[in-house]
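Below, chain A is the first sequence line, B the second, and so on; all start at residue 1.
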There are 2 protein chains.
Amino acid sequence: MSTRPALASSAPPADAPRPSRRSRHGDTREDREAAIVDAGLDLFLEKGFAATKVDEVARRAGVAKGTVYLYFPSKDDLFHAVVRRSVEPLIDVVEDLAHDPDAPASDVLTRVFKALYAEVVATDRREVLRLIIAEGGRFPKLAAYYHTAVVRRGGAALRSLVAEAVERGEFRDGPAAQRPEVIMGPALLALVWTLVFQEIDPLDLDEILAAHIDLVLNGVKASA
Amino acid sequence: MSTRPALASSAPPADAPRPSRRSRHGDTREDREAAIVDAGLDLFLEKGFAATKVDEVARRAGVAKGTVYLYFPSKDDLFHAVVRRSVEPLIDVVEDLAHDPDAPASDVLTRVFKALYAEVVATDRREVLRLIIAEGGRFPKLAAYYHTAVVRRGGAALRSLVAEAVERGEFRDGPAAQRPEVIMGPALLALVWTLVFQEIDPLDLDEILAAHIDLVLNGVKASA
DNA sequence: CTATAGTGACTGACTGGTCAGTCATGCAAG
DNA sequence: CTTGCATGACTGACCAGTCAGTCACTATAG
């Protein structure tokens with residue numbers, strides 16, 4: 001396992017272009033893996049980790065249970081892949097919006113809030129957060145990944161946005177400007193509310209978004 | 001089996017004072033039930049519903065598995081009892097603080113925020129919210145209970161507090177005052193952050209509390 | 001007061017069912 | 001023919017819920 005035998009004459013070079021043989025059913029290795037992850041995404045989001053059966057994921061992906069284990073060593077690993085797959089697209093969207101150094105910070109924030117409500121809170125993507133909260137305790141690596149991929153990156157962007165606005169005199173300095181994470185709070189509230197009470201007492205997201213923007217901008221703007 | 005013989009002369013009257021026999025081990029029925037709920041509380045909070053074994057709850061409560069089923073018809077019912085038990089104390093604490101019609105609303109809010117951070121966000125009680133979020137989907141009754149017991153009640157109190165402050169001219173009217181739920185957002189953010197990222201990147205709750213108060217009060221206060 | 005029958009709280013081995021992960025076999029592509 | 005992907009029946013572990021039996025205590029009889 002440690003050293004290769006020296007006689008490796010006809011051994012394929014390490015950088016062999018991977019035959020990439022088509023699978024039995026005519027699709028590529030990547031297609032199948034994606035199908036499995038997609039099926040897992042649906043089911044994990046819908047039912048959580050424990051209640052989702054590997055067999056079910058396999059059937060929804062159109063493969064047999066054993067096939068799942070050709071692509072992922074365990075249910076845990078499949079779960080990680082699923083979360084990664086569902087988080088990554090989010091990041092790019094938001095990062096694009098936030099990077100606009102010349103616009104007033106209040107415009108940038110408004111735009112980001114609107115995007116978050118429309119693209120996350122109001123869609124099934126919010127379920128990702130349920131997974132993170134629910135399973136984060138049992139999968140510390142999951143929490144760590146999410147922290148690195150989303151929280152740390154988003155926090156840094158937010159921090160610099162606000163710091164610049166303070167310097168420019170657009171925002172008031174103070175405890176809130178020092179801890180700009182708090183301004184995302186109302187969006188999280190809307191998200192969690194929707195997750196838990198959607199059926200019982202659905203939130204009017206437009207109103208909440210307006211209230212959020214109103215509260216935050218008045219809370220941090222330098223007094224006129 | 002169906003009817004008693006008519007001669008039941010010395011039958012005890014229906015209103016007999018219930019001997020209230022002590023249980024085999026010398027403690028009362030209520031003691032044992034409480035012990036089981038307490039054990040369940042620990043374990044459900046720590047591991048979630050699916051990962052907690054009834055046998056484990058029983059052992060921690062110092063009884064046999066079968067005994068649990070003498071007190072609760074199913075694991076689900078035990079779970080409900082556990083959540084109810086852990087939520088009820090919270091409500092009273094906060095409700096007391098909030099009811100102070102003569103104080104300025106900003107003082108009342110500050111007091112409530114401080115209490116929430118100290119009594120919930122900074123303690124194991126925050127785990128209750130993880131349960132609600134994680135299992136709310138699979139137990140709609142749980143979400144409904146929490147909504148009635150906590151959200152609806154708290155929301156009503158908050159709404160009237162803010163409405164009065166607006167009338168008095170202390171708070172500015174506007175979208176935020178119309179949807180005062182949003183002002184609780186940062187506390188929820190702190191709570192969820194702590195739940196998920198405690199180990200990785202712990203939050204300085206004092207700073208966040210200060211930022212929260214700063215943001216919210218400046219966000220809703222009528223301009224001087 | 002002692003002996004005996006009655007009560008019901010408590011126990012834990014057992015059952016039936018579920019499910020993650022394995023592996024002998026089949027089969028299509030090269 | 002050979003290679004290695006794909007299959008799904010199978011295994012072993014696990015666990016919610018059950019129930020026949022035990023035992024501490026109570027009530028009544030002698």
Side-chain angles (χ1 to χ4, degrees), chain A residues 10-12 16-36 39-40 43-44 47-82 135 138-139, chain B residues 1 4 7-13 16-36 39-40 43-44 47-82 135 138-139:
Chain A
S10 67
R18 269 269 171 195
S20 178
R21 185 157 107 162
R22 311 236 123 203
S23 93
R24 181 126 110 226
H25 299 288
D27 38 10
T28 69
R29 173 171 284 279
E30 290 73 24
D31 288 342
R32 305 218 105 182
E33 181 167 328
I36 293 168
L43 290 166
F44 283 131
K47 315 169 57 160
F49 178 79
T52 297
K53 289 160 248 174
V54 173
D55 200 21
E56 219 175 343
V57 175
R59 276 205 309 279
R60 180 169 307 200
V63 300
K65 187 175 166 185
T67 306
V68 173
Y69 285 90
L70 294 176
Y71 290 84
F72 301 96
S74 72
K75 190 187 176 186
D76 283 19
D77 289 272
L78 170 59
F79 184 58
H80 274 91
V82 160
E135 320 283 1
R138 202 158 3 284
F139 294 95
Chain B
M1 224 191 223
R4 275 298 204 78
L7 75 112
S9 52
S10 66
R18 269 267 169 197
S20 176
R21 191 154 104 163
R22 313 233 122 203
S23 91
R24 182 125 111 223
H25 299 290
D27 38 10
T28 69
R29 174 170 281 279
E30 290 73 26
D31 287 342
R32 307 220 103 182
E33 181 167 328
I36 293 168
L43 290 166
F44 283 130
K47 315 169 58 159
F49 178 79
T52 297
K53 290 160 247 172
V54 173
D55 201 22
E56 219 175 343
V57 175
R59 276 205 308 279
R60 180 168 307 201
V63 300
K65 188 175 167 184
T67 306
V68 173
Y69 286 91
L70 293 177
Y71 289 85
F72 302 96
S74 72
K75 189 185 178 187
D76 284 19
D77 289 270
L78 170 59
F79 184 59
H80 274 91
V82 161
E135 320 284 1
R138 201 154 8 280
F139 294 95

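For the pair A:Phe49 CZ and C:dC19 C1', the computed distance is 12 Å after rounding to whole Å. Between A:Ile36 atom CD1 and D:dA6 atom C1' the separation is 11 Å, expressed in whole Å. Atom CG in B:Asp55 sits about 13 Å away from atom C1' in C:dC14, given to the nearest Å. The CG-C1' distance, from A:Leu70 to D:dT3, rounds to 14 Å in whole Å. Remark: P of C:dC14 and OH of B:Tyr69 are 19 Å apart, rounded to the nearest angstrom. A:Lys53 places its NZ atom 16 Å from the C1' atom of D:dC14, with the value rounded to the nearest Å. We find that CG of B:Leu78 is positioned 10 Å from P of D:dG17, with the value rounded to whole Å. Rounded to an integer number of Å, the gap from CG of B:Asp76 to P of D:dC15 is 17 Å.
The base of C:dA20 sits within donor-acceptor range of the side chain of A:Lys65, with an N or O pair under 3.5 Å.
When the side-chain nitrogen and oxygen atoms of A:Arg32 are compared with OP1 and OP2 of D:dC5, none of them lie within a distance under 4.0 Å. In this structure, B:Tyr71 does not reach the C:dA9 phosphate: none of its side-chain N or O atoms is under 4.0 Å from OP1 or OP2. OP1 and OP2 of C:dG12 both lie 4.0 Å or more from every side-chain N or O belonging to B:Arg59. Within the structure, a side-chain polar atom (N or O) of A:Lys75 is placed less than 4.0 Å from OP1 or OP2 of C:dA20.
Comparing atom distances between the A:Ala64 side chain and each of C:dA20, D:dG17, D:dG8 picks out D:dG8 as nearest.
When side chains are defined from C-beta on, B:His80 counts as touching B:Phe139, because their heavy atoms get closer than 4.5 Å. Between B:Arg138 and B:Phe49, every side-chain heavy-atom pair lies at or beyond the 4.5 Å cut-off. Proximity of A:Leu78 to A:Phe44: side-chain heavy atoms (C-beta onward) are separated by under 4.5 Å at one or more points.
Mapping A:Ala51 and A:Gly66 onto DNA chain C via the closest heavy atom, the residue that lands nearer the 5' end is A:Ala51.
Pairing each heavy atom of B:Ala50 with each of B:Lys75, the nearest pair is O-NZ, 3.7 Å. When all heavy atoms of B:Gly40 and B:Val57 are compared, the pair lying nearest together is N-CG1, 3.7 Å.
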